[in-house]
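Working notes for the structure below.
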Amino acid sequence: MARIIIVGAGVVGLSTARAARAKGHDVVLIERGPIPNPLASSWDSHRMIRHHYGDAAGYTVMVHDAFDAWDRLWADLGATHFVDTGAIAIAEKDGDYAHRTLATFRSTGLQHDVLDAAALSVLCPQYRLTDESFGVVGGRAGPLFADRIVAGLADLVARMGVELMPDTTVATVDPAAASVTLADGRTIAGDALVVAAGAWGGRLVPAFAGHPVMRQALCYVTPPPAYAKAWNEGPALVAYGDNGGYTLPGVCGTDLKFGYGAHRRPADPDGGVASPEGEAQAILAGFGRFVKDIGAYVPLRVQVGYYMMDTSRRFRIETEGRMIAVGNCDGQMFKFGPLMGERVIATIEGAVSRPDLKSWAAGE
Ligand SMILES: Cc1cc2nc3c(=O)[nH]c(=O)nc-3n(C[C@H](O)[C@H](O)[C@H](O)COP(=O)(O)OP(=O)(O)OC[C@H]3O[C@@H](n4cnc5c(N)ncnc54)[C@H](O)[C@@H]3O)c2cc1C
């Protein structure tokens, strides 16, 4: 059995700690804030899981395995923090995200349905549609209740015997020695080291240092009464055309959420989670082109988070000495958290090779 040092208690670090303890390893989990940390990217009411990935067939297939990993976690937690609302990509023009997703569903054999404009207007009356519109649905999909999940994981790993070190900042890592030096000067050493520091990873792992960190903000809203049922009982929206806007229904005590990719900006991950005046309206404005009556939506709050991503939009694993570092988690990693934790531990144990871990994470 090994002693494994893990830096960062977001969904990746917590999941890695659980997978390691399940295999009998000793685990020390170091987190610079509370565990779980509301400033981490993993903290929000919900995060989306869906098979829709445009033409990225590798990630579509990985989502099957991700669901299996979630099912194993629900069994450990004794609770399911997910609702299968389904998810839809709406096609606007040839070659857009829905068209590419449909081609991938066909090529990978994922069971799916295509809704024509008439069916779509019944299921999704809140969207502006044309006679050419169609919707692509397929596989299990919907909200993962992120804050409940990381709180449940934190409680679970504590009960499993993981040594938790909250409010403890790692200043440097030594991959050859599998050790970390803390901000207070102490050194903690193990047999293997996992860095799961999210947007802050570039401060510890030189290979991540040049990677852009993005600030993203999402807006929770109350929809107009005329569309409340359609929003809250309908599917999550993955994409409308190539607009990049997405929505998650307000279910199980959560609110309807709007986000869109074009809103993210490069930023310092220590920029905080406050939202400037007018940001909610700026986010909602991105939806005005395809959501009816956007002016009637009442913003409730804005949720801010940070992640590392580059133009490849692929997860990146760095290995050096006895260290495995998980990077480029993008606005995409939550859904793969438990699966990633299991794969990292399988790699430390030698059941998966390091090159295989890297190419798998890159969706190849
Ligand atoms: C607005 C937004 C929307 C998103 N939507 C989705 C979605 O719908 N679906 C999806 O799958 N994913 C989504 N994501 C992405 C997903 O949330 C992240 O990829 C995932 O949570 C990353 O988890 P993590 O554990 O790697 O990082 P984090 O959750 O950020 O955890 C990293 C932890 O490391 C700690 N840490 C950092 N440096 C140190 C240090 N030096 N010493 C000690 N501790 C340290 C931090 O305090 C933090 O707690 C979204 C992200 C954001 C921000």
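We're numbering straight along the sequence, starting at 1. Atoms within each ligand, like the ligands themselves, are counted from 1 in listed order.
Protein heavy atom closest to atom 3 (C) of ligand 1, with residue, atom name and distance, is Arg47 NH1, 3.4 Å. Among protein heavy atoms, the minimum distance from atom 42 (N) of ligand 1 is reached at Val170 N, 3.0 Å. Nearest protein heavy-atom contact of atom 39 (C) of ligand 1 is Arg32 CD, 3.8 Å. Nearest protein heavy-atom neighbour of atom 34 (O) of ligand 1: Gly8 CA, 3.2 Å.
With Tyr97 as the aromatic partner, Arg100 does not meet the cation-pi criteria of under 6.0 angstrom to the ring centre and within 45 degrees of the ring axis. Cation-pi geometry between Arg128 and Phe290 is not met: the NZ or CZ atom fails to fall both under 6.0 Å from the ring centre and inside 45° of the normal.
For ligand 1, the polar-atom distance check finds an N/O of Ser42 within less than 3.5 Å of one of the ligand's N/O atoms. On a distance-only criterion, Gln303 and ligand 1 share no N/O pair closer than 3.5 Å. For the pair Ala199 and ligand 1, the shortest N or O to N or O distance does not fall below 3.5 Å. Checked against a 3.5 angstrom limit, the closest N/O atoms of Val7 and ligand 1 fall outside it. Inclusion of Thr169 in the set of residues having an N or O under 3.5 Å from an N or O of ligand 1 is not warranted. Considering both main-chain and side-chain atoms, Ala40 never comes within under 3.5 Å of ligand 1 through any nitrogen or oxygen pair. Of the polar atoms of Met48, at least one N or O is found under 3.5 Å from an N or O of ligand 1, judged by distance alone. Inclusion of Tyr306 in the set of residues having an N or O under 3.5 Å from an N or O of ligand 1 is not warranted. For a threshold of 3.5 Å applied to N or O pairs, the pair formed by Gln216 and ligand 1 contains no separation below that value.
Annotation for ligand 1: atoms under 4.0 Å from non-hydrogen atoms of Lys335 are 9 (N), 10 (C), 11 (O). Those atoms of ligand 1 with a heavy atom of Leu204 less than 4.0 angstrom away are 41 (N).
Comparing Thr168, Ile6, Val12 by heavy-atom distance to atom 26 (O) of ligand 1, the nearest is Val12. In this comparison of Pro34, Gly10, Ser41, the heavy atom closest to atom 51 (C) of ligand 1 sits on Ser41.
Residue-level proximity to ligand 1 for Pro36 is absent, since no heavy atom of it falls below 4.0 angstrom. Of all the heavy atoms of Trp200, the ones lying under 4.0 Å from any atom of ligand 1 belong exclusively to the side chain. At a heavy-atom cutoff of 4.0 Å, ligand 1 is contacted by no atom of Leu248, backbone or side chain. Contacts between Val11 and ligand 1, counted as non-hydrogen atom pairs separated by less than 4.0 Å, involve both the backbone and the side chain.
Note on ligand 1: Gly331 sits in its first shell, one or more heavy atoms being nearer than 4.0 Å. At a 4.0 Å cut-off, not a single heavy atom of Trp43 sits close enough to ligand 1 to count as contact. Ile49 does not count as a contact of ligand 1, since none of its heavy atoms falls under 4.0 Å from the ligand.
The aromatic rings of Tyr260 and Phe287 sit perpendicular to each other, their planes meeting at more than 60°, with 30° as the lower class boundary. Relative orientation of the Tyr53 and Tyr59 rings is tilted, given thresholds of 30° and 60° on the angle between their planes. Ring geometry for Phe258 versus Trp231: interplanar angle of 30 to 60°, hence tilted. Using cut-offs of 30° and 60° on the angle between ring planes, the pair Tyr127 and Tyr240 is tilted.
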Determine, step by step, whether His52 and Thr101 satisfy the side chain to side chain donor-acceptor pair (under 3.5 Å) criterion, reporting the C-alpha distance in whole Å, the side-chain angles of both residues, the deciding distance to 0.1 Å, and the verdict.
CA-CA 6 Å; His52 304 62; Thr101 296; over 6 Å; no
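Shown are Ile324, Val173, Val170; of these, the side-chain contact (heavy atoms from CB on, under 4.5 Å) with Val195 is made only by Val173. When Val352, Leu339, Ile317 are each tested for a side-chain contact (heavy atoms from CB on, under 4.5 Å) with Trp360, only one passes: Leu339.
Residues Leu144 and Met48 form no side-chain contact, since every pair of their non-hydrogen atoms from C-beta on lies 4.5 Å or further apart.
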